[in-house]
Amino acid sequence: MATSTSSAATTNLMLAIHEKKTNSVDLYRPLRNYITFHYSEREAQNLEDDLETVKQLRTDIEKSSDSPPARRDILIKYFKCLCLMETRFPISSDKDHINTLQFTWFDAFKTRNKSSQINLHLEKAAVLFNLGAVYSQIGLAVDRSTVEGRKQAVYNFVTAAGVFAYLRDNVAVKAAAGGSATVDVSVECAGMLERLMLAQAQECVFETSIAKGSTPGVCSKISRQVGIYYEEALAALSVPPLNQHFDKTWIAHVQLKASLFFAEACFRYSLELHEKEEIAEEIARLKSGISALSDKRSTKGAPAQLLDAVSKLEASLNRNLERAMKENDRVYLQRVPQASSLAPLSAFSMVKPMSLDELVDASKEKMFLSLIPDSSTKALSRYTEMVDDVIRTQAEKLQQGSELARVRLKEMDLPESLLALEGNVTLPENLKEDVEAVQISGGPAGLEGELQQLRDLRRVNHELLVQTEELLQKEAQEDSQFRSQFGTRWTRPQSSTLTKNLLDRLNRFAANLKQAGESDARIERSVKDHSSLMSILDCHPIEAALPSLAKPIMSLDANEDAIVGNLKQSLRQLETLGAERAGLEDMLKEMKRKDDILPKLMTSTGSYEDLFKKEIAKYDNICEEISHNIQAQGQLLMQIQAHNDQFSAIFNLEDFKASREKCYKQIEAAIAKYREIKENINEGLKFYVTLQDAITNVKQQCSDFVMTRNIQCREMIEDVQRQISGLSFQDRTSSNQSYPSVGQNHPPPRTMSPQQTDNGNVSQASRAQVPASYYHPASQQTETGNVRPQSPAPYYQPPQDPPMPGYAPSYGGPSQQPHQPPYQGQGQGPPSSGSPYPSQQPHQQPPSSYEYGQPAYPGWRGPYYNAHNQQPSSFPRPPYTVPTPYPPHQGGYYRPQ
């Protein structure tokens with residue numbers, strides 16, 4: 001036994017376990033001889049490295065000079081080698097097996113006792129024992145005065161507990177059955193050591209809780225669990241075969257620790273009781289703790305440090321008891337209960353044994369992979385087929401039983417009818433998903449908002465059309481006024497001959513818009529006509545709209561509750577049987593996973609068939625349980641059928657089913673109508689967005705046309721002015737030269753001299769040569785009775801006048817950049833670089849194959865929303881883009897019905 005104290009407290013006295021000792025064994029020669037004899041010399045040569053590794057590991061095990069961490073790694077690796085050897089080398093006293101290997105190990109607690117066996121069971125048990133001992137030594141050696149040190153101690157102690165638990169559950173029994181084995185590797189000793197390691201791990205957790213200042217209630221629960229673990233270890237040490245095997249100091253240590261931590265739990269709990277002013281129970285708990293310590297003070301062999309800790313704790317208990325009794329006598333006057341009447345102290349475990357599944361798993365090791373006898377391989381394959389057949393047959397029975405129960409319950413409409421009686425009505429899954437999809441998309445209540453979007457989009461398109469038509473009409477009126485004023489001098493083509501194509505397109509848009517309005521009206525009528533049908537989809541939750549199953553208004557014998565109770569109880573029993581079937585199937589799979597008979601096959605000297613029968617018989621019990629489960633379910637289903645017939649008759653279940661199916665059909669019809677209307681609205685939204693882009697493009701073309709005509713108008717006015725003023729124009733070949741139309745390339749205008757031009761206006765010197773009456777704002781009568789010609793006022797307005805709503809931005813201002821339209825007029829070229837409007841930029845010509853009706857870009861954009869008087873928030877931007885160009889001939893949204 002080794003002890004250690006921490007600087008944190010004198011109670012941190014813990015135990016570590018010494019390793020077992022062994023005699024030297026030569027593994028190399030017997031194993032190599034077996035390989036050579038049963039396989040070949042070549043195979044033995046190929047496995048030379050593996051044999052040397054095993055030999056070296058056994059030699060390292062025999063030494064004890066390495067540090068605990070190094071020995072831990074050696075022990076883990078050697079144990080994996082033993083697991084691999086067990087399945088490949090038959091080591092026993094049989095003459096056909098390896099019978100020259102004898103493993104001898106000495107008891108760790110009574111070193112004079114030893115055990116020898118000619119098998120690997122004792123070797124594996126001893127290696128596991130030493131591994132647990134090494135982990136306990138590492139846990140004892142760390143500095144537990146720090147948080148990290150306590151964490152490492154907890155890890156090593158719980159790992160040691162896991163090793164001893166694995167020894168107890170998997171190896172100890174085989175070691176005892178293989179011959180005489182020492183007590184230290186027995187099931188009882190391994191279990192005791194597991195409890196001891198858990199107690200010390202929980203004690204480290206208690207130290208941590210004290211260090212970080214946990215509440216007295218929490219410390220009391222953790223401390224009580226420490227005492228319980230020590231009490232369990234003490235119970236194992238007090239009965240054979242351990243009561244005569246361990247030194248008295250072990251028993252004294254464990255006994256005193258159990259009492260100490262019980263008293264500690266009472267002390268911590270009394271502090272919590274004092275805060276709650278439960279003085280009577282506080283006094284009883286303190287007395288109980290003092291009594292526990294008083295009973296153990298006479299323990300012989302206990303370390304002085306531990307006895308000192310007991311004295312200190314006892315002094316604290318007595319001090320608090322005296323204070324509590326005075327307060328009770330003077331203030332509270334409560335009756336103190338007997339210790340025997342107190343409830344057990346609460347305990348909470350913070351530790352558990354570490355699982356060794358990964359630590360000792362040898363499946364990934366590469367040693368002796370080629371050493372599997374052919375006979376064993378074939379026999380193992382045959383046995384595996386037998387096990388698979390059993391599992392497949394039983395699994396089919398379980399699945400058939402579950403499917404039968406599901407179908408029968410579906411036929412009886414259970415448990416849906418009982419749920420309906422309780423108000424928990426549910427929709428079929430597919431129908432519920434459809435309803436949820438409708439509600440997520442806004443439901444019938446959201447259709448009005450989408451209809452308003454259609455109205456807004458239709459109005460926007462209509463206003464765009466009106467603005468575009470006004471552009472052309474205004475230009476035509478101005479052209480007509482000039483033509484009537486100047487007569488033959490006004491030689492450019494009439495507007496009506498140039499805008500025919502644009503007006504035709506606008507007329508087609510207007511017709512489409514009218515047909516779309518009719519479609520919108522049909523949609524609105526459909527929404528109004530089917531609003532009552534679709535209103536059921538606005539119920540949240542939708543189950544609230546379903547009919548419910550109610551008790552009959554009148555009853556003759558008032559046994560409805562009894563019938564419902566019997567039916568529910570039967571269904572619970574059926575559910576229990578279903579859970580049992582799931583557990584039985586898992587048990588089958590687990591049994592197969594653990595069913596490894598390869599070692600038995602390799603050591604068997606008799607018939608394989610006899611071994612198969614013996615091994616396969618372990619599945620008989622679970623197969624019988626499966627048969628009983630299926631039979632019990634059949635009887636229970638008959639009972640449920642009888643109870644359900646009574647239930648259906650009393651609660652008029654058939655009428656409820658008919659009403660429910662009718663509601664289902666109503667919901668399905670409402671969903672279908674909603675989807676139809678929703679699809680029509682979406683088609684309308686796409687149409688209006690596409691149409692808006694098309695109208696916007698045409699409007700831009702009209703703006704470009706009007707701008708070009710204005711340029712022509714200004715230049716022609718200048719020519720007319722010069723003709724009236726008698727100026728000579730030598731650069732013109734004919735006074736009747738025509739100006740390009742919207743379908744022709746625009747030639748460069750005549751460039752005037754700097755003295756004649758000033759930002760497109762006639763200079764003062766030129767104006768001096770023109771008759772003053774020409775600039776007069778109105779026609780006036782001369783003294784001789786002649787009428788002076790006049791210029792219409794609108795065509796002499798400065799170019800900085802603000803544009804009309806819907807027009808393109810002003811093209812004449814020096815500080816403004818003109819809007820770059822995506823399209824030109826039909827065949828229209830850019831203005832000449834010699835234009836008197838230097839701020840204008842030439843427009844880019846689109847490809848010849850580009851359609852004017854196509855949107856220049858996706859989304860919701862257009863000049864309409866940049867109009868002069870338009871508020872930016874008048875119309876919301878729709879949340880969609882336009883995937884197809886106008887016109888959408890594929891849809892029938894705007895076609896007449």
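Since this is a predicted model, take the numbers as computed values, not measurements.
- Of the inter-residue distances, the one linking Ile695 atom CD1 with Leu464 atom CG reads 6.0 Å to the nearest 0.5 angstrom.
- Between Asn512 and Phe687 there is a side-chain heavy-atom pair separated by less than 4.5 Å.
- Rounded to the nearest 0.5 Å, atoms CG (Leu503) and CD (Gln473) are 8.5 Å apart.
- Atoms CG and CZ, from Leu574 and Arg408 in turn, are 10.0 Å apart once rounded to the nearest 0.5 Å.
- Atom CD of Glu396 has more than 12 heavy atoms from other residues, nucleotides or ligands within 6.0 Å.
- For the salt bridge (charged side-chain N to carboxylate O under 4.0 Å, His left out) condition, no pair includes a residue of residues 632-650, sequence neighbours left out.
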(request) Using the side-chain hydrogen bond (donor to acceptor under 3.5 Å, both in side chains) rule, take Gln701 and Asn697 through it: C-alpha gap first, then chi angles, then the decisive distance, then the call. (result) CA-CA 6 Å; Gln701 296 173 38; Asn697 290 334; over 6 Å; no
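- Using a 4.0 Å cut-off between charged nitrogen and carboxylate oxygen, Glu575 and Arg572 do not count as a salt-bridge pair.
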(request) Verify side-chain contact (heavy atoms from CB on, under 4.5 Å) between Lys589 and Glu585, making sure each step is shown before the conclusion. (result) CA-CA 6 Å; Lys589 296 178 181 178; Glu585 188 171 2; 4.1 Å; yes
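- With respect to the salt-bridge test (charged N to carboxylate O, under 4.0 angstrom), the residues Lys500 and Asp504 qualify.
- Using a 4.5 Å cut-off on side-chain heavy atoms (C-beta onward), Gln635 and Gln639 make no contact.
- Contact detail for Cys702 and Leu502: the closest heavy-atom pair is SG-CD1, 3.8 Å.
- For the atom pair Cys713 SG and Ile711 CD1, the distance stands at 11.0 Å (nearest 0.5 Å).
- At a cut-off of 3.5 Å, with distance as the only test, a side-chain donor of Arg522 or Ser519 sits close to an acceptor on the other residue.
- Ionic pairing of Glu683 and Lys686 is not present here: no N-O contact between side-chain nitrogen and carboxylate oxygen is shorter than 4.0 angstrom.
- Within 6.0 Å of the CD atom in Gln452, the count of heavy atoms belonging to other residues, nucleotides or ligands exceeds 12.
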(message) For a salt bridge (charged side-chain N to carboxylate O under 4.0 Å, His left out) check, start with the C-alpha distance between Lys699 and Glu470, then their side-chain angles and the critical distance, and finish with the verdict.
(response) CA-CA 10 Å; Lys699 180 182 178 183; Glu470 288 177 351; over 6 Å; no
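- Considering only heavy atoms from C-beta on, Arg492 comes within 4.5 Å of Asp479 through its side chain.
- Separation of atoms CG (Leu636) and CD (Gln633) is listed at 7.5 Å; rounding is to 0.5 Å.
- Here the straight-line distance linking atom CD of Gln394 with atom NZ of Lys397 works out to 4.5 Å at 0.5 Å rounding.
- Nearest approach of His643 to Ser570, heavy atoms of both residues: CD2-OG, 3.3 Å.
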